[in-house]
Amino acid sequence: MNKKIIIRTLEKIALYMELQAENPFKVSAFRKAAAALEADERSLSEIDDITAIKGIGKGTAAVILELMETGVSSTLKELEKMVPKGLIPLMKLPGLGGKKLAKLYQELNIVDTDSLKAACEAGRVRELAGFAAKTEEKILKELETFGSRKERLPIWQLEPAVLEINELLASLPEVEKFSVAGSFRRVAETSKDIDFIVATSDYEIVREAILTRLVILETIAAGDTKVSVILDRDEPVSVDFRLVKSEEYATALHHFTGSKDHNVRMRQLAKSMGKKISEYGVEQEDGSIVTFETEEQFFAHFDLPFIPPTVRESGKELDRLDELDHLVNLEDIVSDLHMHTTWSDGAHSVSEMGQALIAKGYTHAVITDHSQYLKVANGLTPERLQQQKLDIYAFNETNPDFCLYHGTEMDILPDGTLDFDDEVLKELDFVIASIHSSFTQSQDKIMARLKTAVEHPYVHMIAHPTGRIVGERGGYEPDVPLLIEWAAQHGKILELNANPYRLDLCIEHLQLAMEHNVPIAINTDAHAIDQLRFMEIGVKYAQKAWLKKELIVNTWSKEQFEAFITKNK
DNA sequence: GCCGTTTTCGGCCCGACTGTTTTCAGTCG
């Protein structure tokens, strides 16, 4: 029996129970059991006493054991008999939860979207106690777009919306402090919505600014302290604003940054100390409320160091406090090793990129334009590469405190050969190899291509090793664990591409790379100056994998970096 | 249904908003 199937079954049981209007604590007990099983790293066969896991007791263990022995759950089967399947997806309809759906089913025999729509249109829903005309209208309206709207949006689709809101809030004098919160702040690959915490003493003006100055498709809620809207963008984006007093800001930001599991763990810790955490402060044993200037102070109140949002996930981060010092921060980054200029498909010149990098406070960087094979990107021939070198050296001469290295992002061709000869490569300071073509080749062929590159003495790094696009496509699906092994053998760098479209390597692979001591470069792959900002996303993503900063090439000094790039020359 | 040095019953994180009510239930995060 597959552990995943057991987890899903427990979750399904919870869902069905919810639709039976079962005791909510019982429902959450099944969800907690599923989560506990998922959080346990052991495989099923390695667990001898399942009830020893916190959150799994007699009842849920019985379900698990039955599944392991027979492959089915009689509990779920019973529930399926009592609850029509068509009701399950309706749980996702905003405004409808288990209790309301149970009522609709019991009183009006509503079993799916069609019967729900019919009942609304016939005006029968409004006759139920607890429902009225407004609810009926709302359900009908939601049914129109039901199923067509994406449930989660990838980070690259949300980021521009976050920037736009940042700009609006920064422009309001009534706003004292603000920050994005939620899973976006934790740099999740996808998020259901965007959360913002805004400190102000002038709720009304801020609320009006939000409602009038953003392009809004729909206003879900507009209360005193909470404003919920759907922005009118290519994909509609849900945004929640929490308006709080300045002194509540730190606790509110912590609360709405989550994750849920992190908050639960924090609240349990608080409780064990006789305190109570709410989004507005920490209630002490004597009933007084303590508030904080910053999240740092909030954590310090519980004798904890600052835990970065990115690692606030399972709650287990509270058991890894001694590793926090090794996490990389944006201040540790002194270089960016992958970017493009007008020589290929970039928007800015060598000199413009160089100035922008200096403004970032970096000590060095590498210009890595595309190679000749990539004609759509105006890839460089060996001749143009020669000319570019002069351009880069000229920049260095006028900016002696900074070093711009001359590199390339060379294509690994579909036939497995490299786009430049050794004579060309050995003249370059830094050589990136990457795949931009024939994604659909077999894994063997893809791996053979990567192997050529990894083994080549002049290649320093493999860029965006999977070619995935977050939330869109999987990429060329290489055997990443094998690639990591090769990189370890040959002393090559693997890239964490900081562009939110890409973010490969993914967290799981970054962890594996760290176990093998493979150096990781966090690079923006910028095609324009403003994309240099992606470094922050990359750094935070690396934190999520608990990547040690010592292993991150961009934290190395110029001397360390030079020692690395010259070792095979 | 799960848990427990406040321990075998009673609480389970906590609070805002909406829509229904006329003091609150349900939903949501």
Side-chain angles (χ1 to χ4, degrees), chain A residues 10 13-14 17-37 50-64 75 90-104 125-139 142 181-186 191-197 203 207 219-229 238-244 248 251-252 254-283 285 289 315:
Chain A
L10 289 169
I13 288 172
M17 282 181 168
E18 216 172 353
L19 281 166
Q20 291 264 75
E22 193 40 285
N23 172 1
F25 294 112
K26 189 172 167 182
V27 174
S28 90
F30 275 87
R31 294 223 165 93
K32 275 183 193 160
L37 199 57
I50 197 110
T51 51
I53 299 174
K54 210 172 155 234
I56 297 177
K58 231 170 64 187
T60 46
V63 172
I64 296 169
T75 310
L90 292 181
M91 284 288 286
K92 292 203 170 133
L93 212 63
L96 287 187
K99 292 202 173 155
K100 285 199 160 161
L101 276 172
K103 190 155 198 174
L104 288 167
V125 170
R126 68 178 70 192
E127 289 163 4
L128 294 180
F131 294 76
K134 246 182 176 166
T135 310
E136 205 175 71
E137 285 161 25
K138 201 179 159 212
I139 293 172
E142 291 293 346
S183 53
F184 185 90
R185 183 165 180 240
R186 302 198 313 273
S191 301
K192 215 164 128 274
D193 61 7
I194 302 173
D195 298 286
F196 266 90
I197 307 299
Y203 293 170
R207 184 179 56 205
T219 301
I220 307 293
D224 281 343
T225 63
K226 183 183 165 184
V227 179
S228 243
V229 299
S238 301
V239 190
D240 281 351
F241 295 88
R242 301 279 173 158
L243 312 183
V244 299
E248 298 163 344
T251 26
H254 175 265
H255 175 82
F256 288 106
T257 296
S259 68
K260 206 177 163 191
D261 291 335
H262 170 83
N263 286 357
V264 168
R265 182 83 192 265
M266 286 299 294
R267 278 161 195 244
Q268 285 165 347
L269 175 67
K271 216 173 161 182
S272 73
M273 297 165 84
K275 303 166 193 275
K276 205 165 85 178
I277 299 176
S278 84
E279 49 256 62
Y280 303 115
V282 178
E283 191 180 321
E285 274 178 295
I289 307 281

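Protein chains get the first letters and strands the later ones, always in sequence-line order, with residue 1 at the start of each. On a predicted model such as this, the values are computed, not experimentally measured, just so you know.
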J.: A:Ala222 near the nucleic acid: base, sugar-phosphate alone, or nothing, with a heavy-atom cut-off under 4.0 Å?
T.: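 Here A:Ala222 touches the backbone only, sparing every base.
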J.: Using a heavy-atom cut-off of under 4.0 Å over every strand shown, decide if A:Asn23 touches base, sugar-phosphate, or nothing.
T.: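 Base, at least one base atom sits under 4.0 Å.
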J.: Mind checking if A:Leu10 touches a base, just sugar-phosphate, or nothing, with heavy atoms under 4.0 Å?
T.: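 Result for A:Leu10 = nothing.
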J.: Measuring from the side chain of A:Thr225 (C-beta onward, heavy atoms only), which nucleotide among B:dC2, B:dC13, B:dC17 has the closest atom?
T.: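 Between B:dC2, B:dC13, B:dC17, the one nearest the side chain of A:Thr225 would be B:dC17.
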J.: Tell me the interatomic distance from A:Lys276, atom NZ, to B:dG15, atom C1', rounded to whole angstroms.
T.: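 After rounding, the reported distance stands at 11 Å.
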J.: Any non-hydrogen side-chain atom of A:Leu10 less than 4.5 Å from a side-chain atom of A:Ile64?
T.: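 Yes. Closest side-chain heavy atoms under 4.5 Å.
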J.: For B:dC17 and B:dT22, measure between their P atoms and round to the nearest Å.
T.: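 Result for the P pair: 22 Å, nearest Å.
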J.: On a whole-Å scale, what distance lies between the C1' atoms belonging to B:dA16 and B:dC9?
T.: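 Between the two C1' atoms, the distance is 31 Å.
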J.: Could you check which of B:dC13, B:dG4, B:dG1 has an atom nearest any side-chain atom of A:Lys54?
T.: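 Side chain of A:Lys54 sits closest to B:dG4.
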J.: Respond yes when some side-chain nitrogen or oxygen of A:Tyr280 is under 4.0 Å from OP1 or OP2 of B:dA16, and no when none is.
T.: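 Yes, such a contact exists.
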J.: Starting from C1' on B:dG4, measure out to NZ on A:Lys271 and report it in whole angstrom.
T.: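 Distance check: A:Lys271 NZ to B:dG4 C1' gives 11 Å.
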J.: Would you mind reading off the distance between A:Arg242 atom CZ and B:dG29 atom P, rounded to a whole angstrom?
T.: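 After rounding, the reported distance stands at 9 Å.
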J.: Using atom CZ of A:Phe30 as one end and atom P of B:dG1 as the other, report the distance to the nearest whole Å.
T.: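 Interatomic distance, CZ of A:Phe30 to P of B:dG1: 6 Å.
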J.: What is the distance from CZ of A:Arg31 to P of B:dC13, rounded to the nearest Å?
T.: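 For the pair A:Arg31 CZ and B:dC13 P, the rounded distance is 14 Å.
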J.: Write down the partner of B:dG26 under the Watson-Crick or G-U wobble criteria, each distance required to be under 3.5 Å.
T.: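 Checking every strand shown, B:dG26 finds its partner in B:dC17, with both distances under 3.5 Å.
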J.: So A:Phe256, base contact, sugar-phosphate only, or nothing? Heavy-atom distance under 4.0 Å.
T.: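 Since no nucleic acid heavy atom lies under 4.0 Å of A:Phe256, the category is nothing.
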J.: Do any side-chain nitrogens or oxygens of A:Ser28 fall under 4.0 Å of OP1 or OP2 in B:dG1?
T.: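 It does not, given that no N or O in the side chain of A:Ser28 lies less than 4.0 Å from OP1 or OP2 of B:dG1.
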J.: Look at A:Lys99 and B:dG26 and indicate whether a side-chain polar atom (N or O) is within less than 4.0 Å of OP1 or OP2.
T.: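 Yes, within the criterion.
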J.: Quick one: on DNA chain B, does A:Leu96 or A:Phe131 contact a more 5' nucleotide (nearest heavy atom)?
T.: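 Result: A:Phe131.
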J.: Taking side chain as C-beta onward, heavy atoms only, is A:Leu243 less than 4.5 Å from A:Asp224?
T.: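 Side chain of A:Leu243 against side chain of A:Asp224, heavy atoms only: no contact under 4.5 Å found.
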J.: Please report the distance separating the P of B:dG15 from the corresponding atom of B:dG10, rounded so that it comes out in whole Å.
T.: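 Result for the P pair: 23 Å, nearest Å.
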J.: Rounding to an integer number of angstrom, what distance separates B:dC12 and B:dT6 when you compare their P atoms?
T.: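 Pairwise P distance, B:dC12 against B:dT6, rounds to 15 Å.
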J.: When the C1' atoms of B:dT23 and B:dT18 are compared, how many Å lie between them, rounded to an integer?
T.: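 Taking atom C1' in both B:dT18 and B:dT23, they lie 15 Å apart.
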J.: CZ of A:Arg267 to NE2 of A:His255: how many Å apart, nearest 0.5 Å?
T.: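 A:Arg267 atom CZ to A:His255 atom NE2 measures 5.5 Å (nearest 0.5 Å).
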J.: Please check the phosphate of B:dT20 (OP1 and OP2 only) for any side-chain N or O of A:Thr135 closer than 4.0 Å.
T.: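 True: A:Thr135 side-chain N/O within range (under 4.0 Å) of B:dT20 OP1/OP2.
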J.: Expressed in angstrom and rounded to an integer, what is the separation of A:Glu142 atom CD from B:dG19 atom P?
T.: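 Whole-Å distance recorded here is 12 Å.
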J.: Which of the following nucleotides, B:dT20, B:dG29, B:dC17, is nearest to the side chain of A:Ala221?
T.: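 In terms of side-chain proximity for A:Ala221, the closest of B:dT20, B:dG29, B:dC17 is B:dC17.
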J.: Check whether any side-chain heavy atom of A:Glu279 sits under 4.5 Å from a side-chain heavy atom of A:Thr251, and report yes or no.
T.: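 No; the side chains remain at least 4.5 Å from each other.
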J.: On DNA chain B, compare the nucleotides closest to A:Leu128 and A:Thr60; which residue's is nearer the 5' end?
T.: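 Per heavy-atom nearest nucleotide, the more 5' residue is A:Thr60.
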J.: Just wondering, do A:Val63 and A:Phe30 contact through their side chains at under 4.5 Å, heavy atoms?
T.: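 Yes - at least one pair of side-chain heavy atoms lies under 4.5 Å apart.
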J.: Could you check whether any side-chain heavy atom of A:Lys103 comes within less than 4.5 Å of a side-chain heavy atom of A:Lys100, counting everything from C-beta outward?
T.: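 Result no, sub-4.5 Å side-chain heavy-atom pair not found.
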J.: In this structure, how many angstroms lie between the P atom of B:dT27 and the CG atom of A:Leu90, rounded?
T.: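 Checked: the CG to P distance equals 13 Å.
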J.: Expressed in angstrom and rounded to an integer, what is the separation of A:Lys260 atom NZ from B:dC13 atom C1'?
T.: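 These atoms are roughly 9 Å apart.
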J.: Quick one: label A:Lys192 by what it contacts on the DNA or RNA (base, sugar-phosphate, nothing), any heavy atom closer than 4.0 Å.
T.: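 Sugar-phosphate, no base atom in range.
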J.: Taking atom C1' in both B:dC13 and B:dC28, compute the distance separating them and give it to the nearest angstrom.
T.: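 My reading of the C1' atoms in B:dC13 and B:dC28 gives 14 Å.
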J.: With a 4.0 Å cut-off on heavy atoms, is A:Pro94 in touch with a base, just the backbone sugar-phosphate, or nothing at all?
T.: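 Since only primed, P, OP1 and OP2 atoms lie under 4.0 Å of A:Pro94, the category is sugar-phosphate.
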J.: Working to the nearest 0.5 Å, report the span between CD1 of A:Ile220 and NZ of A:Lys138.
T.: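 A:Ile220 CD1 to A:Lys138 NZ: 6.5 Å, rounded to 0.5 Å.
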J.: Among the candidates B:dG19, B:dG1, B:dC14, find the nucleotide nearest to the side-chain atoms of A:Ser278.
T.: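 My answer, after comparing the listed nucleotides, is B:dC14.
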J.: Mind checking A:Leu269 for me? I need base, sugar-phosphate or nothing, with any heavy atom below 4.0 Å counting as a touch.
T.: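 Nothing, no heavy atom under 4.0 Å.
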